[in-house]
Amino acid sequence: QSDTYMRVARVGASIEMNMQLRTEETLDGNLLSINTLTMMGKQPMGMKASVVGDVIRVQMDQGGREMVYDFPFPPNAVSVWGMMRESLIQGFEPGTTYSVLLYSPDMSMQAPIKTDVSVGNKEQIDYYGEILELTRVDMSMRAGALGEVNTVSWVDGSGRIIKTEVSMGG
């Protein structure tokens, strides 16, 4: 489970968004179900999805209107735990690179997106006034209409993400 709060300010106006994400995944990283609740302003938008075989069934509820969609779902696609598991398997040695198919409904409900991961060197990061030595991990995701989304995370020795920066187009 994760809870995300984001505030985007641009040209004197701001938008706030809260998102709750819950996934059910097997220990070996297979996605079983995912639920999200997003509040953008006062309008809630809920999404529930479950994987059955090679199909993900997505149910959306926006303003009391429910919609149901079935999309193909590749067997090697992962979500939150599956991504973390793959990161732990690949390790955090500088120069390590790999790709995964990541299902992240905030990026694309219709299909998992190719995500390229590259482990960098250790860097000194200011974390709320404390200088920490953390490993840099760059991720690049290509998500249809959103274009390319790049994130930089810094992880500790156990692979736990301490800080993340997201770069989006526009």
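In this chain, numbering begins with 1 at the start of the sequence shown.
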Using the rule that Ile, Leu, Val, Met, Phe, Trp and Tyr join whenever any side-chain heavy atoms are under 4.5 Å apart, tell me whether Val166 and Met84 fall into a single cluster.
yes

Can a side-chain donor-acceptor contact be found between Gln90 and Thr96 if the only test is distance below 3.5 angstrom?
no

Using the side-chain contact (heavy atoms from CB on, under 4.5 Å) rule, take Val117 and Met83 through it: C-alpha gap first, then chi angles, then the decisive distance, then the call.
CA-CA 10 Å; Val117 180; Met83 182 68 177; 3.5 Å; yes

Kindly compute the distance separating CH2 (Trp154) from OG1 (Thr164), expressed to the nearest 0.5 Å.
8.0 Å

Identify the two heavy atoms, one from Leu88 and one from Ser158, that lie closest to each other, and give their separation to 0.1 Å.
CD2-O, 3.7 Å

Could you state the interatomic distance from CG (Asp116) to CZ (Arg142), rounded to the nearest 0.5 Å?
4.5 Å

Val68 and Val58: side-chain contact (heavy atoms from CB on, under 4.5 Å), yes or no, with the steps?
CA-CA 6 Å; Val68 178; Val58 177; over 6 Å; no

Please give me the minimum heavy-atom distance between Val78 and Gly29, naming the atom from each residue.
CG1-O, 3.9 Å

Pairwise side-chain contact, Ile34 with Leu21, heavy-atom cut-off 4.5 Å (strictly under):
yes

Tell me whether Val155 shares a hydrophobic cluster with Leu102, the cluster being built from Ile, Leu, Val, Met, Phe, Trp, Tyr side chains joined at under 4.5 Å.
yes

If you count the non-hydrogen atoms of other residues, nucleotides and ligands that lie under 6.0 Å from CD in Glu93, is the total more than 12?
no

Quick one: pull up OG1 in Thr135 and NZ in Lys122 and give me the separation to the nearest 0.5 Å.
3.5 Å

Set out, in order, the CA-CA distance, both residues' side-chain angles and the distance that settles side-chain contact (heavy atoms from CB on, under 4.5 Å) for Glu25 and Val80, then state yes or no.
CA-CA 8 Å; Glu25 300 172 67; Val80 178; 3.9 Å; yes

Quick one: CG on Leu134 to CD1 on Ile162, what's the gap to the nearest 0.5 Å?
6.0 Å

Which pair of non-hydrogen atoms, one from Pro105 and one from Thr36, has the smallest distance, and what is that distance?
CG-CG2, 3.9 Å

Within a strict 4.5 Å, meaning less than it, do heavy atoms of the Leu32 and Thr26 side chains meet?
yes

So which heavy atom on Lys163 is nearest to which on Ile125, and how close?
CD-CG2, 3.8 Å

CG/Asn121 to CZ/Arg136 distance, rounded to the nearest 0.5 angstrom?
10.0 Å

Indicate whether the side chain of Asn150 and that of Ser140 have a donor and an acceptor atom separated by less than 3.5 Å.
yes

Within residues 76-120 or reaching into it, pairs that qualify as ring-ring contact (aromatic ring centres under 6.0 Å, His included) - sequence neighbours excluded:
Phe73-Tyr103

Ile89 atom CD1, over 12 foreign heavy atoms within 6.0 Å
yes

For Ser79 and Thr23, test the side chains for any donor-to-acceptor distance below 3.5 angstrom and give the result as yes or no.
no

Between Asp61 and Lys48, is the closest basic N to carboxylate O distance under 4.0 Å?
no

Which atoms form the tightest heavy-atom contact between Pro75 and Asn30, and what is the distance?
O-OD1, 4.1 Å

Spacing of Thr151 atom OG1 and Met139 atom CE [to the nearest 0.5 Å]:
4.0 Å

Do Val55 and Pro72 come within less than 4.5 Å of each other through their side chains, counting heavy atoms only?
no

Quick one, Met109 and Met60 - any side-chain contact, counting heavy atoms below 4.5 Å?
yes

Decide yes or no for Met47 and Asn35: does some side-chain heavy atom of the first lie under 4.5 Å from some side-chain heavy atom of the second?
no

With a 4.5 Å cut-off on side-chain heavy-atom distances among I, L, V, M, F, W and Y, is there a chain of contacts connecting Leu31 to Tyr69?
yes

Could you tell me whether Ile161 atom CD1 has more than 12 heavy atoms of other residues or ligands within 6.0 Å of it?
no

Stepwise side-chain contact (heavy atoms from CB on, under 4.5 Å) check, Gln59 with Glu66
CA-CA 7 Å; Gln59 297 171 276; Glu66 187 173 297; 3.8 Å; yes

Out of curiosity, does Leu132 fall in the hydrophobic cluster containing Val152 (side-chain heavy atoms, cut-off under 4.5 Å, transitive links)?
yes

